[in-house]
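The next block holds one structure in the form of structure tokens; read it before the comments.
Hydrogens, waters and symmetry mates are skipped; everything else that's a heavy atom, side chains included, is used.
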Amino acid sequence: MSEERYLTVALTKGRLAERTLDLFEEIGYPMEEMKDKKSRRLIFTDEEHRLRFFLAKGPDVPTYVEYGAADIGVAGEDIILEEKRRVYEVLDLGFGRCRMCVAGPASAGELLKHHEMIRVASKYPNIARDYFYNEKQQTVDIIKLNGSVELGPIVGLSDVIVDIVETGSTLRENGLVILEEVCPLSARMIVNQVSMQMETERIRSLILKLREQVQKDAAREK
Ligand code: PRP
């Protein structure tokens, strides 16, 4: 049996992991046991390709990769931007597409236009700060929340929110609208900086296979 070192891949639990596993299956790396939704197991091995996959919470994926506990990670661009970890971002996987937006009641549009000192609630305080302070040069008060951020303007905690919009139904159902678009988002593959030097060939060949498959999938969807 090969003694080659395992390459470890950290996946974001949930839908992103499912889409990533489908992609690995398409390039000939099926991980059937990982698809069992009832299982509580967190780590899985592909002996044939000397790969090890584990499931983590999104914000932890760049942490595992920066510290080298995983050579490779798959996470949303939102998480990568927010966490600001020292990792290489190597591939746009083309799924998990959504947008980071400033949203709120339509009336908050005026506050944004006049650069008023407003309160911004977000799960993404770094992204919100970068956007308002660096891009817009507007001083704001940023309040960190951990979820259901849409509540912010409804209950009077904040004037607006900075959050992900995918279908737009959460905003609609809560009487909020998109006021500004911060950036488009999708799932990204990241690589540990030392692993990239030490395992260049294996990682490059994996990236190439995945990139080709992503392009094929995109062409099929058109
Ligand atoms: C995300 C995001 C929005 C919603 C957007 O929340 O924070 O609330 O999805 O999706 P939509 O545009 O398709 O409605 P998530 O489901 O992750 O839950 P959370 O609010 O508890 O973080």
Apply side chain to side chain contact (heavy atoms under 4.5 Å, CB included) to Val102 and Val182, showing your working. CA-CA 7 Å; Val102 180; Val182 178; 4.0 Å; yes
Are Met31 and Glu25 close enough, and set up right, to give a side chain to side chain contact (heavy atoms under 4.5 Å, CB included), and what steps lead you there? CA-CA 7 Å; Met31 289 298 295; Glu25 190 169 341; over 6 Å; no
Quick one: do Val140 and Leu179 end up in the same hydrophobic cluster if we chain Ile, Leu, Val, Met, Phe, Trp and Tyr together by side-chain heavy atoms under 4.5 Å apart? yes
Salt bridge between Asp92 and Arg188, side-chain N to carboxylate O under 4.0 Å? yes
Can you measure from NZ (Lys216) to CG (Leu23) and round to the nearest 0.5 angstrom? 11.0 Å
Any side-chain heavy-atom pair of Met196 and Ile207 under 4.5 Å: yes
Do Phe53 and Ile72 sit in one hydrophobic cluster, given that two such residues count as connected whenever their side-chain heavy atoms are within less than 4.5 Å of each other, even indirectly? yes
Pair Arg129 + Glu135: basic N to acidic O under 4.0 Å: no
Tell me whether Lys84 is salt-bridged to Asp130, with the criterion being a basic N under 4.0 Å from an acidic carboxylate O. yes
When clusters are formed by joining ILVMFWY residues with side-chain heavy atoms under 4.5 Å apart, either directly or through shared neighbours, do Leu185 and Val90 land in the same one? no
Rounded to the nearest 0.5 Å, the CG atom of Leu21 sits from the CD atom of Glu26 at a distance of 11.5 Å
Arg50 side-chain N/O to Arg5 backbone N/O, donor-acceptor pair under 3.5 Å: no
Regarding Asp78 and Arg99, does a basic nitrogen lie under 4.0 Å from an acidic carboxylate oxygen? no
Salt-bridge contact Glu110-Lys113 (side-chain N to carboxylate O under 4.0 Å): yes
Closest heavy-atom pair and its distance - Leu171, Ala103: CD2-CB, 3.7 Å
Begin from the C-alpha positions of Lys136 and Leu112 and carry the test side chain to side chain contact (heavy atoms under 4.5 Å, CB included) through to its verdict. CA-CA 10 Å; Lys136 294 199 66 187; Leu112 289 171; 4.3 Å; yes
Residues Arg19, Asp22: salt bridge by 4.0 Å N-O rule: no
Look at atom OH of Tyr133 and say whether more than 12 heavy atoms of other residues, nucleotides or ligands are closer to it than 6.0 Å. yes
Kindly compute the distance separating OG1 (Thr139) from CE (Met117), expressed to the nearest 0.5 Å. 6.5 Å
Note: Gly73 and Val61 closest approach over all heavy atoms is CA-CG1, 3.9 Å
Is there a donor in the side chain of Lys209 and an acceptor in the side chain of Tyr29, or the other way round, less than 3.5 Å apart? yes
Under a 4.5 Å side-chain heavy-atom rule over Ile, Leu, Val, Met, Phe, Trp and Tyr, are Val120 and Val177 clustered together? yes
Backbone N/O of His49 and side chain of Asp46: donor-acceptor pair under 3.5 Å: yes
Flag the pair Ile127 / Ser122 as yes when at least one side-chain heavy-atom distance between them is below 4.5 Å, and no otherwise. no
Within a reach of under 6.0 Å around CD of Gln197, are more than 12 heavy atoms found that belong to other residues, nucleotides or ligands? yes
Assess whether salt bridge (charged side-chain N to carboxylate O under 4.0 Å, His left out) is satisfied between Glu199 and Arg202, documenting all intermediate values. CA-CA 6 Å; Glu199 296 283 353; Arg202 286 174 79 194; 3.6 Å; yes
Donor-acceptor contact below 3.5 Å, side chain Asn174 vs main chain Thr170: yes
Using atom types as modelled and distance alone, determine if a side-chain donor or acceptor of Glu77 lies under 3.5 Å from a backbone N or O of Pro184. no
Can you give me the closest heavy-atom contact between Thr12 and Gly58, atom names plus distance? CG2-CA, 3.6 Å
Regarding Tyr6 and Glu47, is there a side-chain donor-to-acceptor distance under 3.5 Å anywhere? yes
Could you tell me whether a side-chain N or O of Ser158 sits under 3.5 Å from a main-chain N or O of Val160, the two making a donor and an acceptor? yes
So Ile203 and Leu7, do their side chains get closer than 4.5 Å, heavy atoms only? yes
Are the side chains of Leu210 and Ile27 in touch, meaning some heavy atoms are under 4.5 Å apart? yes
Give me the atom names and distance for the closest heavy-atom approach of Thr45 to Arg52. OG1-CG, 4.1 Å
Can you check whether Glu181 reaches Val165 side chain to side chain, under 4.5 Å on heavy atoms? no
OG1 of Thr63 to CD1 of Ile79, rounded to nearest 0.5 Å, is 10.0 Å
Calculate, to the nearest 0.5 Å, the distance between atoms CD1 and CD1 belonging to Ile190 and Ile80 respectively. 5.0 Å
Could you pull out the closest heavy-atom pair between Glu150 and Asp163, with the gap in Å? OE2-OD2, 3.3 Å
Assign the ring pair Tyr64 / Phe54 to parallel, tilted or perpendicular, where the plane angle (0 to 90°) is split at 30° and 60°. perpendicular
Is it true that Gln138 and Tyr131 share a donor-acceptor pair across their side chains at a distance under 3.5 Å? no
Considering only heavy atoms from C-beta outward, does the side chain of Cys183 approach that of Leu81 to under 4.5 Å? yes
Before accepting this row, confirm whether a basic side-chain N of the pair Glu166/Arg97 lies closer than 4.0 Å to the acidic partner's carboxylate O. no
Would you indicate whether Lys57, at its atom NZ, is surrounded by more than 12 heavy atoms from other residues, nucleotides or ligands within a distance under 6.0 Å? no
The reported gap from CD in Gln193 to CZ in Arg85 (rounded to nearest 0.5 angstrom) is 12.5 Å
Between the main-chain N or O of Asn126 and the side-chain N or O of Glu82, is there a donor-acceptor pair closer than 3.5 Å? yes
Side-chain heavy atoms under 4.5 angstrom apart, residues restricted to Ile, Leu, Val, Met, Phe, Trp, Tyr: same cluster for Phe95 and Leu55? yes
Please tell me if the side chains of Phe24 and Leu206 come closer than 4.5 Å, counting only heavy atoms from C-beta onward. yes
Take Ile118 and Asp141 through the side chain to side chain contact (heavy atoms under 4.5 Å, CB included) test and state the conclusion after the steps. CA-CA 6 Å; Ile118 52 170; Asp141 187 5; over 6 Å; no
In terms of heavy-atom contacts, Pro105 and Asp159 come closest through CD-O, 3.6 Å
Strictly distance-based, threshold 3.5 Å: is any side-chain N or O of Asn192 a donor or acceptor partner for the main-chain N or O of Glu66? yes
